[in-house]
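Sequence positions, counted from 1, serve as the residue numbers for this chain.
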Amino acid sequence: MDLLRRTIGEGLARAGWPEPMWLETTPEDSGKGQAEKAIGDGAELVFVSGGDGTVMAVVGALAGTDVALAVLPAGTGNLLAANLGLSADPAVGVQVALDGGRRRIDVGMVGNQCFAVMAGMGFDAQMLEGTSETAKKHIGWVAYVGGALKHLRDRPMPVRISLDGKPPLRRRVRTVIVGNVGRLQGGVRLLSEADPADGKLDVAILSPNNLAHWAALGWAVMRRRDRVPRMETYTAERVEIRSNRPQPRQLDGDLIDPGKSMTIGVRHRALLLCVPQPDSDPDLAYDSSAAERAAEEVRAAAEDAK
């Protein structure tokens, strides 16, 4: 925490920015209340340092405002940081904010909960459920591989998927992922055509039935093939998923209560996000390596302030 405070404080001071206000999360409030207080106190930019749950809470507070969000990866996972191409070094996140890249992106909605990256029902949530917090703390996103292996042979779920009110698609699937941006943990790009500011959500329906299907699907995703076996993709502004039994569900890599259905909508360009330059590319991580190189001065300032 001391290094984080020095990194932010010294980085902002060198750029002539005012001293930041610090608001810590609590077990009862993972970030929404703190972000709302910052807005009320006149903040123009909010840095969030935490995992997926903290980022999602802050997104919910900032959506619909002109207050910018800057992400500093921390915690046991951070899908939004992965989609920004940010490493675990907080100096890079600070540099991105200082460089001034700003992008208004869409925000997904499930009930009154916001998400910036993706929602899912089925295998992806099972994988999260099957991954221990201890493993995530020690080996990071790689721990999810163990959680995935536990459920590769599980039976498919019958679902009806309605896109923008059209007649439902009836499928037997392993998971349905509804994304605003395209990257999973580890930087794997599942939804290659996802544009976070087009007012639409990208839908991936995955239906592998055996290990060979999983292998073919995974290989095609890793190789960024145009056609991925056992995966259908669509776009829509409203997505309704219904199953015949309760299924595990997740928002931005954070588990929510299981349920038989999930209705997902979109708020167009609701969130002002600090992104690597150039800030117009649909790929939010287009040139994050430039920010990583430029962050050396921020790192040095934090070290000198010890």
Can you measure from CG (L190) to CE (M118) and round to the nearest 0.5 angstrom?
6.0 Å
Show the numbers, then the answer: is there a salt bridge (charged side-chain N to carboxylate O under 4.0 Å, His left out) between R103 and D195?
CA-CA 12 Å; R103 184 90 190 275; D195 183 335; 3.7 Å; yes
What residues, two or more places apart in sequence or in another chain, satisfy salt bridge (Lys or Arg N to Asp or Glu O under 4.0 Å) together with D154?
none
Gap separating the CD atom of Q250 from the CG atom of L255, nearest 0.5 angstrom:
7.5 Å
In terms of heavy-atom contacts, V58 and V48 come closest through CG2-CG2, 3.8 Å
Between S243 and P158, is there a donor-acceptor pair closer than 3.5 Å when you use the side chain of the first and the backbone of the second?
yes
Can you sort out the partners of K32 under side chain to side chain contact (heavy atoms under 4.5 Å, CB included), two or more places apart, ordered by chain and number?
D29, E36, A57, A61
Does R104 come within less than 4.0 Å of D279, counting only side-chain N to carboxylate O?
no
Excluding sequence neighbours, so at least two apart, what forms side chain to side chain contact (heavy atoms under 4.5 Å, CB included) with E297?
R14
Just wondering, are more than 12 heavy atoms of other shown residues or ligands nearer than 6.0 Å to CG in N210?
yes
Any pair counted as salt bridge (Lys or Arg N to Asp or Glu O under 4.0 Å), so long as it reaches residues 241-260, sequence neighbours left out
E240-R242
Residues passing the side chain to side chain contact (heavy atoms under 4.5 Å, CB included) test with W17, sequence neighbours excluded, are L12, A15, L45, L98, R102
Any sub-3.5 Å donor-acceptor pair from D202's side-chain atoms to V181's backbone N or O?
no
Residues in side-chain hydrogen bond (donor to acceptor under 3.5 Å, both in side chains) with D106, at least two apart?
H268
